[in-house]
Structures are given as C-alpha cells and as structure tokens.
Amino acid sequence: MNALIVIDVQNDFCPNGALAVEGGHEIVALINVRMNQYNTVIMTQDWHPRMHMSFADNHNVEPYSVIEVDYGAQVLWPRHCVEGSEGAEFHPLLDSRRADAIIRKGFRKEIDSYSAFFENDKKTPTGLEGYLRGRRIDSVDFVGLATDFCVSWSAIDAAKLGFHARVLLPLTRAIDLDGSLEKAINDMKQAGVEIVND
Ligand code: VGL
Ligand code: ZN
C-alpha cells in the first residue's frame, strides 16, 4: 500500500507568507492531481505556539541566526505558522478534503519539529509511523515545502524506519539557505531516499 505525504503546503510558506518559499504556490495544482494515484493521502501542518523556540524574535536575534540547543543546531526563523492563524492554514487551493489524516507538528514550545515522524531531538515520535504501519503502508512519496527542511527530514526518517521513500522533486520547492538544498539532496540519497526528478 502506498501513501502520498504532503508536507506543510501552508499560506506562510507560499508567496506573501511569513516564511515564503519561492514558487511555493506553483506545486499546489500538481499535488491535487497527483493525489489520485494513492490509497492514502496524509498532510502535515507546521503548527507553532506564539512563544515557540524556533522564532528569532523570541530570542531577540535576526531571523536565520543559528543557535545550539540540546539536540544540536537550530535555525531561528521569522515567526510563522502560529497555531490557528491564517498563515498556518493550508493553501486555499490545496484539496485538503482528500486528506485521510492531518499531522500537526512543532506544537511544543521547547522543541522544533521538521520531520513528520520525529521532533528535532530525533526521538520523540509524532505518531505517523504507527499510523502508516496500522494502515499496512510500506511505500511513501513526499511532496510539499520545503524540500531542504521538512520534506528532506521526513523522507530521511521514513527511509531509516524501513519504508520505501521517494521525494518527487518537481512537486517540492526549497528555502535554500547557504547550500541547504544541495546538502539535503545528498543526505537523502545517502539515507536511501529515491529522488524522482520528473
Ligand atoms: C519548515 C522551517 C521552519 C518547513 C518549517 O516546512 O520546511 N521550515 N518550519
Ligand atoms: Zn516551523
């Protein structure tokens, strides 16, 4: 059984959003069509409290500064995807009615969560693994935003957990901070994620 996992296609990651990813909106129509090829569709939503540790202004520093925390390096972002805000809603044209499950992540203020499977400590589970195993899903395709953060971290965790994991690159867009896209693609290949270019 297969699943399409649609990562963080939310207003704040699209043009005019708080953490806009270039061309983020361009993938929405393609994702809507692609959903028809899967038994199961799962969507994730980045969902942060106002006082979240990943927000630069909660540390009084410039966005995109990097700090060291218990679990390693953490980029500090512009305030984005605040729980219940319009920026945290799915892009209005994304067919979210098709989602069998919606996973929210990053909702604890002490820790960020890029991956759909584990928070950034790489050990606190979100419950997605159990959901997939319960539904007998062994093959997962990833699309959405952003290629080099939440998409790649999710795909790498999926491969490490033993799922057949693919990233459909044309249905993703990247933030690309200091070469982070190239690094993410190398890391994904290293972890056994299949990169689909067309
Ligand atoms: C994301 C940075 C911060 C993402 C989420 O969805 O890739 N990136 N929060
Ligand atoms: Zn976030």
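Keep in mind that this is a model prediction, so the values were computed, not measured. Numbering of ligands and ligand atoms starts at 1, following listing order. Side-chain atoms are counted along with the backbone in the values below, which use heavy atoms only and exclude waters and symmetry mates.
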task = Just jot down the ring pair (Phe, Tyr, Trp, His ring centres under 6.0 Å) partners of Phe117, sequence neighbours excluded, or say none.
result = none
request  = For the Zn ion (ligand 2), report each protein N, O or S atom nearer than 2.8 Å, sorted by chain and then by residue number.
outcome  = Asp46 OD2, His48 NE2, His80 NE2
Is there a side-chain contact between [X] and [Y] in this structure, where contact means two heavy atoms from C-beta onward sitting under 4.5 Å apart?
X: Leu145; Y: Cys14; result: yes
X: Leu94; Y: Ile31; result: yes
X: Asn11; Y: Pro92; result: yes
X: Gln45; Y: Ile102; result: yes

ask   = Hey, does His80 sit under 4.0 Å from ligand 1 if you only count heavy atoms?
value = yes
With nothing but distance in play, are any N or O atoms of [X] less than 3.5 Å from an N or O of ligand 1?
X: Leu19; value: no
X: Asp46; value: yes
X: Ile175; value: no

ask   = Which ligand 1 atoms, with their elements, are less than 4.0 angstrom from a heavy-atom of Cys150?
value = 1 (C), 4 (C), 5 (C), 6 (O), 7 (O)
query = In ligand 1, which numbered atoms sit nearer than 4.0 Å to a non-hydrogen atom of Asp8?
reply = 4 (C), 6 (O)
ask   = Is the CD atom of Glu22 crowded by more than 12 outside heavy atoms at less than 6.0 Å?
value = no
ask   = Parallel, tilted or perpendicular for Phe13 and His80, by the 30°/60° rule?
value = tilted
message = If we count only N and O atoms by modelled type, under 3.5 Å, do the side chains of Gln10 and Asp46 hold a donor and an acceptor together?
response = no
Lys105/Asp8 salt bridge by N-O under 4.0 Å criterion = yes
task = Record the part of Leu145 in heavy-atom contact with ligand 1 below 4.0 Å; permitted values are side chain, backbone, both and neither.
result = backbone
